[in-house]
Participant: 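If you scroll down you'll find the structure; I have some questions about it.
Proteins come first, then strands; the chains are lettered A, B, ... in the order of their sequence lines, and each starts at number 1. Because the structure is predicted, anything quoted here is derived from the model rather than measured.
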There are 2 protein chains.
Amino acid sequence: MKTSSVELIILDLLSHEQAHLTAQEIYQQLKLRLPAVNPSTVYRALERMAHAGKISVSDMGRGAMVYEAVGGERHHHLVCQDCGAVMTIEDRPVNELFRYLEGRYHFEMITNHLILFGRCQNCQKVSESGRQ
Amino acid sequence: MKTSSVELIILDLLSHEQAHLTAQEIYQQLKLRLPAVNPSTVYRALERMAHAGKISVSDMGRGAMVYEAVGGERHHHLVCQDCGAVMTIEDRPVNELFRYLEGRYHFEMITNHLILFGRCQNCQKVSESGRQ
DNA sequence: ATTGAAAATGCAAGTATTTGCATTAAAATA
DNA sequence: TATTTTAATGCAAATACTTGCATTTTCAAT
């Protein structure tokens with residue numbers, strides 16, 4: 001089926017450089033262009049687009065899932081759960097793991113936006129000095 | 001601080017073999033033992049426990065995050081987004097990726113329950129025959 | 001161009017989750 | 001043991017999100 005106007009606007013909103021937006025943020029920005037849009041329409045469009053592989057859904061520890069357009073260079077993130085810092089990491093080692101798992105388990109990987117939680121270098125130092 | 005009684009019951013509920021429960025399921029089962037418990041108490045306890053590293057929080061595509069006790073043998077899953085099948089996978093290749101990323105980015109990995117989405121062997125076949 | 005079918009949308013109601021505030025319980029201190 | 005402090009809890013309200021139903025819009029077929 002043809003892409004609906006709501007979906008086109010969502011893709012446009014997410015096309016900015018590596019934008020990760022929550023459903024709420026997308027709804028707020030969509031309303032600027034389509035004042036009559038209903039929240040349930042936005043949630044349904046996000047669901048359709050995620051299932052169709054147009055956007056990816058990830059938990060980045062912001063209290064709600066975030067959405068991102070699929071299509072740009074694949075990338076992944078390390079997220080610090082203390083300070084919230086987000087680090088973009090290279091795709092190669094992640095892709096190697098995915099290829100290995102696909103062969104090992106006869107699985108077709110769809111995940112393309114990996115988020116891994118931990119603590120960044122700064123927060124590790126702060127925690128160590130706090131213990132001393 | 002000492003573990004609260006709600007937290008103890010949650011840990012008990014999650015101690016069954018690789019139980020992955022949503023907040024709602026945990027609340028329903030908790031009420032059987034603590035009829036007066038308030039949903040907000042459960043949500044708060046889950047938040048405390050996740051931040052303390054006692055439980056892990058994951059999106060397994062069930063429409064809500066699922067919780068699991070941390071402490072057993074670390075494992076990860078492949079989840080089919082068509083039929084919902086869940087495959088447990090070995091930790092070794094995932095751990096190798098985590099160790100590499102820790103060194104490369106000076107990051108202390110906390111994530112210990114990786115969920116990767118894709119399509120299982122059966123659903124790949126169904127999709128192919130559907131296309132023919 | 002018209003008609004019918006399918007999909008998207010809005011509305012209202014419902015459910016899941018979060019938050020502010022006050023109270024209760026547990027822990028620490030004297 | 002008593003008191004104070006801290007954390008957990010319940011309640012109600014609020015927010016985020018989902019769902020059922022009817023309507024509108026879009027697409028496909030004629």
Participant: Nearest heavy atom decides the nucleotide; on that basis, is B/P39 or A/A23 closer to the 5' end of DNA chain D?
Facilitator: B/P39
Participant: Taking CD1 from A/I10 and C1' from C/dT9, how many angstroms apart are they, rounded to a whole number?
Facilitator: 13 Å
Participant: Measure from CE on B/M65 to P on C/dT17 and round the result to the nearest Å.
Facilitator: 11 Å
Participant: Would you check if the distance from the ring center of A/H113 to the ring center of A/H76 is below 6.0 Å?
Facilitator: no
Participant: B/E47 CD to D/dA7 C1': how many Å, rounded?
Facilitator: 15 Å
Participant: Would you kindly give the CD-to-P distance between B/E25 and C/dT17, to the nearest whole Å?
Facilitator: 10 Å
Participant: Please report the closest heavy-atom contact between A/M109 and A/F98, naming both atoms and the distance.
Facilitator: CG-CD2, 3.6 Å
Participant: Nearest to the side chain of B/A36, which nucleotide is it out of D/dT9, C/dG10, D/dG10?
Facilitator: D/dG10
Participant: Starting at the 5' end of DNA chain D, which residue's closest nucleotide do you reach first, A/N38 or B/V37?
Facilitator: B/V37
Participant: What nucleic acid atoms does A/A45 come within less than 4.0 Å of, heavy atoms only: base, sugar-phosphate, or nothing?
Facilitator: nothing
Participant: Using a strict cut-off of less than 4.0 Å between a Lys/Arg side-chain nitrogen and an Asp/Glu carboxylate oxygen, indicate whether B/E25 and B/R62 qualify as a salt bridge.
Facilitator: yes
Participant: B/Q28 has an atom CD; how far is it from atom P of C/dT17, in whole Å?
Facilitator: 11 Å
Participant: Could you check whether A/R99 pairs with A/E102 (Lys NZ or Arg NE/NH1/NH2 to Asp/Glu carboxylate O, under 4.0 Å)?
Facilitator: yes
Participant: Does A/S40 get its side chain close enough to the base of D/dC17, under 3.5 Å, for a donor-acceptor pair?
Facilitator: no
Participant: Within this structure, what is the NZ-to-P distance between A/K31 and C/dG10, rounded to whole angstrom?
Facilitator: 11 Å
Participant: Select base, sugar-phosphate, or nothing to describe what A/R48 touches, counting heavy atoms under 4.0 Å on all strands.
Facilitator: sugar-phosphate
Participant: Measure the distance from CZ on B/R44 to P on C/dT23 and round it to the nearest whole Å.
Facilitator: 15 Å
Participant: Counting only heavy atoms not in B/E47, do more than 12 sit closer than 6.0 Å to its CD atom?
Facilitator: no
Participant: How close or far is atom P of C/dA8 from atom NE2 of A/H51, stated in whole angstroms?
Facilitator: 13 Å
Participant: Give a yes/no on whether any side-chain N or O of B/Y43 is located under 4.0 angstrom from OP1 or OP2 of C/dT18.
Facilitator: no
